[in-house]
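Worth knowing before you read on, the calculation uses all heavy atoms, side chains too, and leaves out hydrogens, waters and symmetry mates. Below, read A as the first sequence line, B as the second, and so on, with proteins coming before strands; counting in each chain starts at 1. This one's a predicted model, so the numbers in the text were calculated from it and none came from an experiment.
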Amino acid sequence: MNKFWPLFFCFWPIVAVVAFWISPAMNWWFPGMAMSPLGQQIDNLFYMILVIVGLVFVGTHIGLGYVLFRGVAHEDEKKSWFSHGSHKLEVLWSVAPAGILLFMSLYQLDVWMRYRVKSHFPDEVQPIAEVTARQFEWRIRYPAPGKALMPTPQPDDLYTVNDLHVPFGRPVMIRLRSMDVQHSFFVPELRIKQDAVPGTVIPIWFETVDEGDFDLTCAELCGWGHYKMRGRVFAERESQFQHYLKTLQAEQDYDGVRELGSTGAQIAEYSRGPHKQAGH
Amino acid sequence: MTRFTFAVLLPGIALIAMGCDLNKVDPGGGISSDSVVTIRNGSSAATPAGGDGGGGGTAVAAASGAPGKLIGTIKFAGTPPVLPPKATKGNAKDPAVCAKDADIPDESLLVGANGGLRHVFIYLDKAPGEGTAELPPAGEFDQKACIFTSHSFLAIAEVEFGVKNSDAVAHNVHTFPALGAVQNFGMEPNSSTTMSFNKAEKAPMQIKCDIHPWMEAWALVLEHPYMAATDENGNFELPELPGGTYNVRIWHERGAKNGQLERAKVTINGETRLDREFPAGDFKL
Amino acid sequence: MKFSDTIVCAVALLGIAGCSSNSVPQFETSQDTGKLFQPARDAVESELQAAFGTPENLVVWPDLPVDFGSFGGSIEKVTTQGTLVVPLAGQSALATDERLPELSGAAVLVAPAAGGEKGAEGGENAAAVYRVAHYDPESKTLRVVDENGKPTQVTAAEGDGVQVIGDGLQKGRNLYLKHCMHCHGVSGDGDGPTAPYLKPRPRDYRKGIFKFTSTKTGVRASRDDLFRLVKLGVPGTYMPSFMLLPDDEVSAIVEYVRWLSMRGELESKLVVQLALDFGSDQIGPKRTFADMSTEFDAFRGSDLPDIVKSAGEELGADWSAPEDAENLVIPKEERVASSLESIARGRKMFLSEKTKCYSCHGETGAGNGAATEEINDLPGQPGVKAEVPGLFDAWGNIVKPRNLQRGLFRGGRRPIDIYRRIHSGIKGTPMQAFGNNLSDQDIWDLVNYVLNVPFEKKTQASH
């Protein structure tokens, strides 16, 4: 029975090692694989920290277990003695973590710069849409096909809501704004989380490695309807993306008379209800 | 703490921690209840209470007596309050047209020299079974000098009538029916069109012009022609009715009880008079 | 021990008592109904109860043009007692074949084929009501029980029509309670728990009026209009986009909203019929409560069923009309391309005496025209001046003419949307219909101008 506590504290490092080992494969840490190169680097940073923290955790627990085991192994009842500590040890366990932290903060600078510092953004990245967060939705403005996004609305801009389409395979930039309170643009699978602050326009860039649709959620409690502030990010082929813009354009220029042509059938499903489709 | 304490405390805390989510069905929105659907077979759910069918509502009593017209005078008892004009001469919007030559009067309480009250609607709620009066020719609704003429308008449901804008400014005709469809259309200067009301109403409806907020009229839409509006002396005349007892509504826009001044029971036997005098207390003033 | 245990017991009791808080959703009667005298109020409530039920016991009134997710078919063979062979097919978007095996418990209407001995049965609607015990889509065998779940004799013949009421309404109800109720209220009165904090106020459906429609003046909103509105939201208001809800869920919500609107309309139709005769304010020395009661009893027996019946027929006609293509506003001519000339013509039209657009929207389109400075009568209370200047909508709220400079279009920014706003007005607001006196060309010029207002300075500066 005396060995319970040493065994207890030695049991956890074993669990931890097993957990650390299998969790990436079991997808326990992240919501799926990072779908962007930068996201993969962020994941790598995370794993690096995980290894450091894991080693420390396992090490300290083994040490703790060992000390307890020693304590119960010595049958002779020696009186415990109290120490006011060792100056050398104090210095050691202050400097070592500080060094580790310093290392981590320097090591991640590269990723941080590429992610956030404008001068280190990929050269060719262009804003493709302006996303305006408001209670409780994401309003999206695209430039007309073939045009560049301007800072202010243009007559031929295209508008949609909650449905962000982006091409994959090249870096794209979003201009993030807020119309009312603070929101946060969070796409877990792309490892992007950026607050939208009223009064400022914040550029964020990302590159999606493959096709797919990803959840876009608000990660800043923004009001009673925070939970329903959900959107989608569709990563699609460049041609599909251009086609989407053309579809949006046709939908937006619809005058009720002109035939919509081939794009008509594909006009985003919201433009006509199922009833009308069934009826026609 | 005793074992008893634990036995009670733990489930209590557990319950609170669970958020009391004991309900199986939770459609969300804070509402935890399921629904069932039953079917309504047939179109009327009203359970007839075996009424006599005679005295209810505004139904007609057994026909007796000679046919005749209903005529009469509606008066305002006492001294009527003086209402300020809705816009004074030269001080209205669009001064080139509106209130150019005279003030725009407040027509909501017009009392004649003898106390006769203008713009009171007198009407039967229901057509008499064998009423024979012909539908009157449809009137014309005009907008002149930024005033609707007339202030009290009579119309038959689904019968078209002319609407005119005799002014050099645009107006709009915005109706506020209780049962029928709302209409709100623009009238360009010096134009005319036609309109009709799609459903009969229980009481006169307001008609407004949103461009000139003082412009206001009242229209009574029925399925039958047994209605009238009083003239400047408070006189009215209803078409000839078969003999019998009728419920006659006397309605004025300032009537204190939804506009209704009285629901009079009138027996027609030859030409019949209905004269009423209402004190200030019966009006919203 | 005694004292601490008392506290502990109290905590435990609180924990349990907290669970009884699950609120039961209830339809509320309108303020106007409250102004009737008690027996009339009770009658209105019981009519509504019979026609629409409660949120926990929804009533399907098959006469209403609501997609209840029903399945229909005609009987091929009556095998044994309570078992019929019927090929059932979905009759609407909410009734798909995948739902066929899940019909158990649904209500069944069996009606004689049209032209049969309908007259002989005496009733106008001689349908019999059962419930589905089981339906096998393979063999098309439908076993029915009576409404209480007991085996029963089915009086049916080959060729009789069978209608199985699906769960469309329940589905809509659950989704509505989840997504819409907290603003729009359980009864659709626009007065849910969140509503007091919102401006503009959430829509009160009970008038059957929706502002942004594709239909002509006086016609209700179509399903497509509501569907689009739920999917896209209303920019500039608190109505968010429900883009991510699947189409069938949005359709179910739309049907439930239409159903709630019909409920509200039935209520107000009944109240209008009763208010002049049976309002509690009519009780006085001339007409006592007893007089009124006697009269009302007779009225209830003789007139009320007819009133309900014709109100139901009106609802049916009114809510079917918007689905008719004839009632949609479709321009006859294509949009005039947006050019400086067209915009200039539109601007001239905007400022003309013909349309007087400027009188509400202001000369620069900022929504600050002279009409917004006028004191109007309070809505529904003619002769009573409002305390603040402004225009009112049908729900009694002050409504601001749209500030066109912001480029926010609540009813949609497509040219066709703006065309429809101009052509048939915005229902329930002072925005009037210009379809009568403007040509398509005029309206398209106005559309081009309105779409250009946010960019006006730039356009002028660059030329």
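Taking CD1 from C:I416 and CD from A:E251, the interatomic distance works out to 11.5 Å, rounded to the nearest 0.5 Å. For the atom pair CG of A:D180 and OH of C:Y238, the computed distance is 7.0 Å after rounding to the nearest 0.5 Å. With values rounded to the nearest 0.5 angstrom, C:L244 atom CG is found 8.0 Å from A:D215 atom CG. Distance check, rounded to the nearest 0.5 Å: CH2 of A:W224 to CG of C:L198 gives 6.0 Å. For the atom pair CG (C:L451) and CG (A:D156), the distance works out to 12.0 Å, reported to the nearest 0.5 Å. For the atom pair A:Q154 CD and C:F455 CZ, the distance stands at 6.5 Å (nearest 0.5 Å).
Only the side chain of C:I330 comes within contact range of chain A, with heavy atoms under 4.5 Å apart. In this structure, the portion of C:T194 lying under 4.5 Å from any heavy atom of chain A is its side chain and not its backbone.
Residue C:E326 qualifies as open at atom CD: its count of foreign heavy atoms under 6.0 Å is 12 or below.
Here A:R139 is the residue among A:E137, A:R139, A:R230 with the most heavy-atom pairs under 4.5 Å with chain C. Considering only heavy-atom pairs separated by less than 4.5 Å from chain A, the leading option among C:E333, C:M239, C:R413 is C:R413.
Exactly one of A:K228, A:R134, A:M229 qualifies for a side chain to side chain contact (heavy atoms under 4.5 Å, CB included) with C:P240. That residue is A:K228.
Nearest heavy-atom pair across C:K178 and A:Y227 is O-OH, 4.4 Å.
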